[in-house]
Peer 1: 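Quick one: structure below, then a few questions.
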Amino acid sequence: MSSTPSKRRIAIVHDWLPVYGGAERVLEQMLKVYPEADVFSLIDALDDESRKFLNGKPVKTSFVQKLPGGKKYYRHCFPLMPLAIEQFNFSSYDMVITSSYAFAKGIITGPRQLHLCYCHSPIRYAWDLQNQYLKESKMDRGPISWLVRSMLHFIRMWDSRTAAGVDAFMANSRFIARRIEKVYRRDATVVYPPVNIERFDTCHEKENYYVTASRLVPYKRMDLIIEAFNGMPDRELVVIGDGPELPKLRRLAGPNVKVLGWQPQAVLKQHLQQARGFVFGGEEDFGIILLEAQACGTPVIAYGRGGALETVVENKTGLFFGEQSVESLQGAIGEFETREWDALSCRRNAERFSTKIFRDRFQQFVEGEWERFAAVSTAVDPEAEGHRDWRQNVPVDELVPA
């Protein structure tokens, strides 16, 4: 084993590749740092346009890819995923980096291999959000409920066991670091996800409407936002996004609420720039869209839980509401309108999460852990005088102890 970066064999393992979304943007920046790395994924269903970020790099997939309907209905194959991820052979690699919010971290590596995990979240629907997901999927009652709960029980045992195979964890927020500590009893270093703020221009002239945007699924609480604005007919709201809740939300919307559905990036960008404020009602692990709004100079009104507490500076780039209720949100909007908001302050806050900062922090973490691992592997005392612990250079609030 060599500690020379150019001689290392590196693999990056991603859960699955159906679309180019937030987790894939993280993978894209990982590959910019380590372009020589091989890429593995349980399935690869990216279209030609979406896969451009891979720069022609092939993706090594699991047997799920070859199952009838496996690429399209991969989520229904979750009982097979632990077996599938364990079939990858990494014996020829020195270092494996997993980008995991489901099963990727469950890979098998040996003692002469370094396994680092960038954890977007422990498996949400298997742990603290199990009941919510079962209810949303209409599987919270009857025989099907007991069958699925039994499967999730097995997934939890497997997920907890495989955490021991990770040498060091990164978390995408302090909120997720706390979830990692709760579920796996492991500490994690916070490396915030990259936000491509260069795509957005700061707009100082605002129009008299509010905007919200996300995938239209129940836990995003778009219904709450629409109901709040239905009760404030003198204020306009624009809703952007697609998902299973779209028909329901269009029926719910009053005359002052426009539900646009999916829109191209240019339309989303225009609305984010010109809106008086961006409203968000869900509890997010991180919430990239909140920072994209701030990159446009637009302040945020968000539910005061989860990652929003780390990406919005209260009273400077936005306000929080304390309960997921119409009254609480309406009160926050009323308070929001009594304040003066500075577009440049919003932009400067977003710049703390740029792609460059992510790449620097990510590489610092990886190379620091590699240095420690290589020292142990070559019988060098990592605590000896002169050895540099890379974590001494990380801000205290980004180290979350177990």
Side-chain angles (χ1 to χ4, degrees), residues 136 200 202-284 287 289-306 308 311-343 345-346:
E136 292 173 1
F200 300 94
T202 306
C203 180
H204 298 268
E205 300 298 324
K206 303 297 183 180
E207 298 185 10
N208 194 28
Y209 70 87
Y210 293 85
V211 67
T212 185
S214 78
R215 179 160 170 74
L216 304 183
V217 291
Y219 83 92
K220 300 287 188 178
R221 296 309 313 269
M222 289 294 198
D223 57 332
L224 166 67
I225 299 173
I226 291 175
E227 288 175 359
F229 277 84
N230 283 346
M232 300 182 295
D234 56 329
R235 296 175 174 88
E236 294 186 9
L237 173 69
V238 175
V239 180
I240 297 175
D242 197 5
E245 292 273 284
L246 180 59
K248 169 188 170 182
L249 296 176
R250 280 181 166 156
R251 291 192 300 268
L252 181 64
N256 61 318
V257 177
K258 298 178 182 178
V259 182
L260 302 184
W262 179 88
Q263 295 296 316
Q265 184 64 32
V267 175
L268 173 62
K269 176 180 175 180
Q270 179 183 8
H271 281 87
L272 290 178
Q273 289 175 319
Q274 297 177 351
R276 183 175 187 176
F278 182 87
V279 187
F280 199 80
E283 180 178 338
E284 281 285 17
I289 188 66
L290 301 179
L291 287 163
E292 291 179 338
Q294 292 173 75
C296 295
T298 301
V300 173
I301 304 168
Y303 178 46
R305 296 279 297 273
T311 58
V312 179
V313 182
E314 190 169 21
N315 299 320
K316 187 173 182 181
T317 72
L319 288 177
F320 299 118
F321 58 98
E323 298 179 359
Q324 287 179 314
S325 67
V326 169
E327 295 75 19
S328 182
L329 176 53
Q330 288 177 339
I333 293 171
E335 176 67 19
F336 178 89
E337 293 179 350
T338 66
R339 310 284 188 88
E340 294 290 333
W341 301 98
D342 179 33
S345 294
C346 295

Peer 1: Between the main-chain N or O of Gly243 and the side-chain N or O of Trp262, is there a donor-acceptor pair closer than 3.5 Å?
Peer 2: no
Peer 1: Short question: side chain of Lys206, backbone of Cys203 - any donor-acceptor pair under 3.5 Å?
Peer 2: yes
Peer 1: Is it true that atom CD of Glu337 has more than 12 heavy atoms of other residues, nucleotides or ligands lying nearer than 6.0 Å?
Peer 2: yes
Peer 1: For atom CD of Glu314, decide whether the heavy atoms of other residues, nucleotides or ligands shown that lie under 6.0 angstrom number more than 12.
Peer 2: yes
Peer 1: Considering all heavy atoms of both residues, which atom of Ser328 and which atom of Phe321 are nearest to each other, and what is their separation?
Peer 2: OG-CB, 3.5 Å
Peer 1: Are any of the side-chain nitrogens in Lys269 or Glu292 under 4.0 Å away from the carboxylate oxygens of its partner?
Peer 2: no
Peer 1: If every non-hydrogen atom of Ala253 is compared with every non-hydrogen atom of Asn230, which pair is closest and at what distance?
Peer 2: C-OD1, 3.9 Å
Peer 1: Which heavy atom in Thr202 sits nearest to a heavy atom in Gly297, and how many Å separate them?
Peer 2: CG2-CA, 4.0 Å
Peer 1: For Cys296 and Gln273, which heavy atoms make the closest approach, and how far apart are they?
Peer 2: SG-CG, 3.6 Å
Peer 1: Given Val300 and Leu319, is the side chain to side chain contact (heavy atoms under 4.5 Å, CB included) satisfied, shown in steps?
Peer 2: CA-CA 6 Å; Val300 173; Leu319 288 177; over 6 Å; no
Peer 1: Can you see which heavy atom on Leu224 is nearest to which on Val326, and at what distance?
Peer 2: CD1-N, 3.4 Å
Peer 1: Can Leu237 and Val211 be said to form a side chain to side chain contact (heavy atoms under 4.5 Å, CB included), step by step?
Peer 2: CA-CA 6 Å; Leu237 173 69; Val211 67; 5.8 Å; no
Peer 1: Looking only at atom types and distance, does a side-chain atom of Tyr209 sit under 3.5 Å from a main-chain N or O of His271, one as donor and one as acceptor?
Peer 2: yes
Peer 1: Any sub-3.5 Å donor-acceptor pair from Gln270's side-chain atoms to Gln265's backbone N or O?
Peer 2: no
Peer 1: With sequence neighbours left out, write down each residue that passes side chain to side chain contact (heavy atoms under 4.5 Å, CB included) with Pro233, or none if nothing qualifies.
Peer 2: none
Peer 1: I need the minimum non-hydrogen distance between Leu249 and Val259, along with the two atoms involved.
Peer 2: O-CG2, 4.0 Å
Peer 1: Give a yes or no on whether the backbone of Glu335 and the side-chain of Thr338 come within a donor-acceptor separation of less than 3.5 Å.
Peer 2: yes
Peer 1: Tell me whether Gln324 contacts the main-chain N or O of Gly281 through its side chain, where contact means a donor paired with an acceptor under 3.5 Å.
Peer 2: yes
Peer 1: Applying side chain to side chain contact (heavy atoms under 4.5 Å, CB included) to Glu283 and Tyr303, what does each step give before you reach the verdict?
Peer 2: CA-CA 7 Å; Glu283 180 178 338; Tyr303 178 46; 4.2 Å; yes
Peer 1: For the pair Gln330 (side chain) and Ala228 (backbone), establish whether a donor and an acceptor sit closer than 3.5 Å, ignoring hydrogens and angles.
Peer 2: yes
Peer 1: Are the side chain of Thr298 and the backbone N or O of Gly277 linked by a donor-acceptor pair below 3.5 Å?
Peer 2: no
Peer 1: Does the separation of the ring centres of Phe278 and Tyr210 fall below 6.0 angstrom?
Peer 2: no
Peer 1: Does Leu216 offer a backbone N or O that forms a donor-acceptor pair with the side chain of Asp242 under 3.5 Å?
Peer 2: no
Peer 1: Please determine whether the number of non-hydrogen atoms from other residues, nucleotides or ligands lying under 6.0 Å from atom CG of Asn208 exceeds 12.
Peer 2: no
Peer 1: Please tell me whether Asn256 and Arg235 have a donor and an acceptor in their side chains that are separated by less than 3.5 angstrom.
Peer 2: no
Peer 1: Step by step, would you call Leu260 with Val239 a side chain to side chain contact (heavy atoms under 4.5 Å, CB included)?
Peer 2: CA-CA 6 Å; Leu260 302 184; Val239 180; over 6 Å; no
Peer 1: Please confirm whether the backbone N or O of Cys346 pairs with a side-chain atom of Thr317, one donor and one acceptor, at under 3.5 Å?
Peer 2: no
